[in-house]
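These notes concern the structure reproduced below.
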Amino acid sequence: MAMEDIKTVRYPKGAAIVVQNAVNPGIFYIVKSGRVVVDSEHIQIDHDFSVYETGDSFGLVSALTEHHFLVTLFAATDVEVIQIPIRLLGSYLRERKELSMKILGLYSKELRALQKNLSKANKPADREYHPEKLFQNAKTYIAWEKFDLAAYSLQKYIEWANESGLSELVSEGKALLDATNSSYIPIEWTSPKMTLGAGEVLFIESEKSKDIYVVLEGNVKLTSIVRGFEYVIDVLGPGEIFGELSLIDNAPRMASALTDGPSVILRVSPENLFDTVAESLIQKIFESIARRIWFSHQRLIILRLTSAVTRLYAFLYNSIRDQDIRHKRSFADSLVQPHTFFLTLEQLCSMCGIIKIKNENIQEFLSDSNLEITKDKITVKNRKRIEEKLGQFKSKEGQIIAKMV
């Protein structure tokens, strides 16, 4: 690691550390000593933190996505700040487990809050452990004819009832399990890394478990039950981490995770995360969380757009940008090549908050010659034409903005 590229910078009291609207040059910041505060007089957006103290960090999302700083931060006392080029973050944090867990926990907490909003389930009680939900969820899965999901949920329900000595509930769960006529057997993890087929359940909504997963190959779909419908929270590809919200508390899973095709998955426990994986994967974990935070912020804005068609175009546009960041693709290359997303039209609509699809409401989208929509994927032939569709909804910096129409 090029340690000379990592430096500690001292700021006197009152000095600006980062300035609103300036471009992050690819630096991640950790407060080594002192107190950093947000310039509240000129803040123009909602911001989760107003004070950063020793061990706190900032700049991850803007460094990875090459966006502008959203706020000005200045030194409330004399301050020392460690500045780490984003490319060296994995190697730096792998040797500092306690700091890594704190930083990962903070960003996981932000991602959790965003996902709760996206799934329309942002009630504090939703993070309490109510194992009875496993039984109720199974009934929903049966109604959807997703019998393997129902079987998995009921098996977890029966495990809980057995451990609790609730024989009546055990019988209730077994009776419903028999009615599913599913022979699904949960994955037996014989090693941390496994090759899995399509439709394997990694964990189920309302299950209580702690393991963290990394997609090495293939895709994983995260879904939740929202108002009786299946809501697609995300579709994760290689290098993505999920299940990391267990770092925050021992709460139940907010969503179900299933392989969306043949996949290779790595499973690790939270306490062994930094001892198990290489620094390159640690780097990918933080990059993944940063991109998902940015993408989730943008999705919340998209959901405020009143036009269903505009939502769909905005989602595809942000997906292109997400791919560009993930593959370190230049803007010039992005303009001249097609972009393919392994999503069904139904999944895309679900992720845009369009639960019941009416083709007449999205006819402009369906008949767009720039799009190739097949059974299991959507291809954008020309990025520029997507940008032209968005018009007033895209800022100069490339962000989607919620101008209500």
- Message: The test is salt bridge (Lys or Arg N to Asp or Glu O under 4.0 Å); show your working for Glu372 and Lys377 and say whether it passes.
- Response: CA-CA 8 Å; Glu372 184 177 316; Lys377 64 183 178 182; 5.9 Å; no
With the threshold set at 4.0 Å, does a side-chain nitrogen-carboxylate oxygen contact exist between [X] and [Y]?
X: Asp333; Y: Lys328; answer: no
X: Asp211; Y: Arg267; answer: yes
X: Glu207; Y: Lys156; answer: yes
X: Arg292; Y: Asp322; answer: no
X: Arg383; Y: Glu387; answer: yes
X: Arg291; Y: Glu240; answer: yes

Should the heavy atoms of other residues, nucleotides or ligands under 6.0 Å from [atom1] of [X] be counted, would the total exceed 12?
X: Gln337; atom1: CD; value: yes
X: Lys97; atom1: NZ; value: yes
X: Glu360; atom1: CD; value: yes
X: Lys174; atom1: NZ; value: no
X: Arg385; atom1: CZ; value: yes
X: Gln363; atom1: CD; value: yes

- Item | Over all atoms of both residues, closest heavy-atom pair of Gly218 and Ser263 | CA-OG, 3.8 Å
- Query: Under 3.5 Å, side chain of Arg311 to main-chain N/O of Leu305, donor-acceptor pair present?
  - Reply: yes
- Task: Just say parallel, tilted or perpendicular for the rings of Tyr213 and Phe242, cut-offs at 30° and 60°.
- Result: parallel
Rounded distance (nearest 0.5 Å) linking atom [atom1] of [X] with atom [atom2] of [Y]:
X: Phe203; Y: Lys208; atom1: CZ; atom2: NZ; result: 15.5 Å
X: Tyr184; Y: Lys146; atom1: OH; atom2: NZ; result: 13.5 Å
X: Tyr152; Y: Leu177; atom1: OH; atom2: CG; result: 13.5 Å
X: Lys102; Y: Leu93; atom1: NZ; atom2: CG; result: 12.5 Å
X: Thr180; Y: Glu145; atom1: OG1; atom2: CD; result: 12.5 Å
X: Ser91; Y: Glu95; atom1: OG; atom2: CD; result: 8.5 Å

- Message: Consider side-chain contact (heavy atoms from CB on, under 4.5 Å). Of Val220, Leu258, Leu202, Val264, which one does Leu196 pass it with?
- Response: Leu202
- Message: In the structure I gave you, are the side-chain heavy atoms of Val79 and Phe74 within less than 4.5 Å of one another anywhere?
- Response: no
- Which pairs count as ring pair (Phe, Tyr, Trp, His ring centres under 6.0 Å) when at least one residue sits in residues 10-36, sequence neighbours excluded? Tyr29-Phe58
- Can you name the residues that form a side-chain contact (heavy atoms from CB on, under 4.5 Å) with Lys221, not counting sequence neighbours? Thr223, Glu230, Val232, Val235, Asp260, Gln347
- Item | By side-chain contact (heavy atoms from CB on, under 4.5 Å) - contacts of Glu205 (at least two apart) | Asn137, Tyr141, Ser224, Ile225, Ser256
Without hydrogens or angle criteria, can the side chains of [X] and [Y] be said to hold a donor-acceptor pair below 3.5 Å?
X: Glu132; Y: Tyr157; result: no
X: Thr340; Y: Thr379; result: yes
X: Ser164; Y: Trp160; result: yes

- Near-ring test Tyr313/Phe393, centroid separation under 6.0 angstrom: no
